[in-house]
> 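Structure in structure tokens, see below.
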Amino acid sequence: VRVELLAVGTELLLGDIVNTNAAWLGRQLAAAGLDVTQAAVVGDNVGRIADAMRAGLDRADALVVCGGLGPTQDDVTRDALAEVAGVPLVRDEVIAQGLSDRYAALGRQMPARNLRQADLPAGAVALPNQAGTAPGVRIELPAGVVYLLPGVPHELHRMFTAAVVPDLLARAGEPAVIVSRTLRTVGLWESAVAERLAALHESLEPAGNPTMAYLAGGGQVRVRITAKAADRSAAEQLIAPVEAEARRLLGIAVYGVDDHTLDRVLHELLADLRSTVATGESLSGGLLGAALTEMPGASATYLGGVVAYATDAKRDLLGVSADLLAEEGPVSARTAAAMALGARQRFAATYGLALTGVAGPTDQDGVPAGTVFAAVAGPDGGDTRALQLPGDRERIRALAVVSALDLLRRHLLRLRGSVGRTG
Ligand code: ATP
């Protein structure tokens with residue numbers, strides 16, 4: 001079955017709320033092996049909702065609609081469905097009684113207009129709402145099946161899982177699963193990742209299973225390999241050779257899979273080596289320390305950090321020599337290396353990790369915005385990385401943090417002599 005999604009709500013069009021229901025429904029449908037072919041958003045207007053429903057049913061076999069089932073004037077999804085079905089709304093007395101019982105149990109008088117929630121298009125079936133008041137609706141039309149679900153996310157989640165997924169799977173006949181594997185990379189731009197994987201990607205296209213997609217963001221690129229098969233293990237078998245080849249082509253840039261984040265990988269590497277790290281940072285103002293404390297249990301490997309923003313603080317708190325600062329200024333490779341060394345010593349950590357640079361938007365003492373130096377200092381020597389990062393202040397700072405984490409990761413991997421081992 002081909003499924004389409006339709007989210008109803010003027011507040012979605014205006015950007016007051018984000019359509020997280022569509023994202024959630026998309027993930028659930030994919031996990032159930034059901035094809036989502038299109039998703040749309042429409043405002044609270046009977047005519048436009050009805051048009052969107054008709055258009056969806058022209059293309060798909062099933063339409064999942066969310067929102068606009070409440071009791072207020074602008075909740076008109078039921079009315080639109082009745083119009084599309086060409087049937088009247090009929091009050092369901094059992095639901096009506098249930099609604100007033102709910103209010104009575106709370107010791108409240110139900111506003112009369114709430115009874116609207118008991119009005120269903122003739123011939124429709126009510127879907128019980130375990131988490132709220134408005135029931136959902138399912139109706140069979142010649143063009144396909146339509147489900148109406150509440151907009152409130154937790155109500156929608158329960159109803160969709162209990163009443164819609166089993167129904168759609170029964171219609172689909174042959175059960176199938178979709179399995180995805182995401183390779184996480186750092187240190188390569190999206191175009192570079194795509195270029196390395198171009199031939200592999202092309203070789204997948206004729207069969208269309210598995211498929212491959214790139215998701216770039218936050219200085220990292222994720223490569224998602226998705227396969228569809230009769231069951232999980234068959235899907236995994238389709239993914240395995242593609243994953244192996246992608247890993248070979250991307251090499252050390254692959255740091256993890258699925259929800260394995262860069263900070264987590266780093267903590268694991270440090271723990272493996274019974275090592276700790278401390279930070280000394282300037283342009284990132286604490287973001288590097290924040291990244292290293294995101295994971296619960298980070299204290300096993302992260303000792304602390306110094307935010308040495310002013311030039312004097314680099315000298316006073318991180319022990320960067322006044323001569324070096326005078327000669328090279330606060331933004332240089334040697335200053336970064338001295339900051340890393342200072343952080344390492346100050347916290348008695350195995351490794352010191354440092355960042356200095358110009359976040360912008362304007363140049364600083366002739367150094368252009370985006371100039372960043374990351375450095376690591378350890379018992380086995382150090383490493384520095386000079387970067388010229390693009391974007392605005394926020395992006396430069398975020399990219400700097402990712403680059404510093406990656407610098408330490410690569411340093412530790414080299415040390416462990418297992419450059420190929422990732423994930
Ligand atoms: P209610 O019975 O509460 O009125 P409803 O079915 O009428 O539910 P809406 O009035 O459309 O649903 O939305 C209720 C709330 O649910 C919205 O204020 C919003 O917070 C949330 N919501 C609605 N649609 C979405 C969506 N597509 N994605 C995420 N949240 C949503």
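Numbers here simply count residues along the sequence, with the first being 1. All ligand and atom numbering here is 1-based and tracks the order in the structure.
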> Taking atom types as modelled, find out whether Tyr103 and Thr133 have a side-chain donor-acceptor pair closer than 3.5 angstrom.
no
> What is the distance from atom CG of Leu34 to atom CG of Leu25, rounded to the nearest 0.5 Å?
11.5 Å
> Which class fits the ring pair His411 and Tyr351: parallel under 30°, tilted 30 to 60°, perpendicular over 60°?
perpendicular
> Measure the distance from atom 30 (N) of ligand 1 to every protein heavy atom, then report the residue, atom name and distance (to 0.1 Å) of the closest one.
Pro153 CG, 3.7 Å
> Just to confirm my output: which protein heavy-atom neighbour is closest to atom 19 (C) of ligand 1, and how far is it?
Ile17 CD1, 3.6 Å
> Could you check atom 25 (C) of ligand 1 against the protein and tell me its nearest heavy-atom contact, residue, atom and distance included?
Asn21 ND2, 3.1 Å
> Where's the contact between Thr133 and ligand 1, heavy-atom distance under 4.0 Å: side chain, backbone, both or neither?
neither
> Assess, by modelled atom type and distance only, whether the side chains of Gln220 and Thr185 contain a donor and an acceptor separated by less than 3.5 Å.
no
> Counting non-hydrogen protein atoms only, what is the nearest one to atom 27 (N) of ligand 1? Give residue, atom name and distance.
Asn19 OD1, 2.8 Å
> Which residue and non-hydrogen atom of the protein lie closest to atom 10 (O) of ligand 1, and at what distance in Å?
Asp75 OD1, 3.6 Å
> List the residues meeting side chain to side chain donor-acceptor pair (under 3.5 Å) with Thr350, not counting sequence neighbours, and say none if there are none.
Thr276
> Measure the distances from the heavy atoms of Gly9 to every atom of ligand 1 and state whether one is below 4.0 angstrom.
no
> So, does Glu11 sit close enough to ligand 1 that a heavy atom of it is under 4.0 Å from the ligand?
yes
> Is any N or O atom of Cys66, backbone or side chain, closer than 3.5 Å to an N or O atom of ligand 1?
no
> Of all the heavy-atom pairs spanning Asp258 and Arg184, show the shortest one and how long it is.
O-NE, 2.6 Å
> Flag the pair Arg138 and Asp167 as a salt bridge only when some basic side-chain nitrogen lies within less than 4.0 angstrom of an acidic carboxylate oxygen.
yes
> Under 4.0 Å from any heavy atom of Leu12, which atoms of ligand 1 are there?
26 (C), 27 (N)
> Please could you name the atoms of ligand 1 that Gly67 approaches to less than 4.0 Å, counting only its heavy atoms?
6 (O), 11 (O), 12 (O)
> How long is the gap from CZ on Arg410 to CG on Leu415, to the nearest 0.5 Å?
15.5 Å
> I need the contact type for Thr72 against ligand 1. Using non-hydrogen atoms and a strict under-4.0 Å cut-off, is it side chain, backbone, both or neither?
neither
> Could you check whether Arg54 pairs with Asp51 (Lys NZ or Arg NE/NH1/NH2 to Asp/Glu carboxylate O, under 4.0 Å)?
yes
> Find all atoms of ligand 1 within a distance of less than 4.0 Å from any non-hydrogen atom belonging to Pro150, and give their numbers and elements.
6 (O)
> Mark up the atoms of ligand 1 that fall under 4.0 Å of a heavy atom belonging to Val18, in ascending order.
28 (N), 29 (C)
> Given that the side chain starts at C-beta and the backbone is N, CA, C, O, which of these parts of Thr20 lies under 4.0 Å from ligand 1, counting heavy atoms, or is it both or neither?
both
> Does this structure show an ion pair linking Asp61 with Arg2, if we count only N-O contacts that are shorter than 4.0 Å?
yes
> What residue and heavy atom of the protein are closest to atom 23 (C) of ligand 1, and at what distance?
Gly151 O, 3.4 Å
> Suppose we screen for side chain to side chain contact (heavy atoms under 4.5 Å, CB included). Which residues come up paired with Asp74, at least two apart in sequence or across chains?
Asp44, Thr72
> Decide whether Lys314 and Ser282 meet the rule of one side-chain donor and one side-chain acceptor closer than 3.5 Å.
yes
> When you compare ligand 1 with Leu69, is there at least one nitrogen or oxygen pair between them that comes in under 3.5 angstrom?
yes
> Given that the side chain starts at C-beta and the backbone is N, CA, C, O, which of these parts of Ala22 lies under 4.0 Å from ligand 1, counting heavy atoms, or is it both or neither?
neither
> Considering Gly70, Gly68, Ala39 one by one, which has a heavy atom nearer to atom 4 (O) of ligand 1 than any of the others?
Gly70
> To check your reading of the model: name the closest protein heavy atom to atom 14 (C) of ligand 1, its residue, and the distance in Å.
Val152 CG2, 3.8 Å
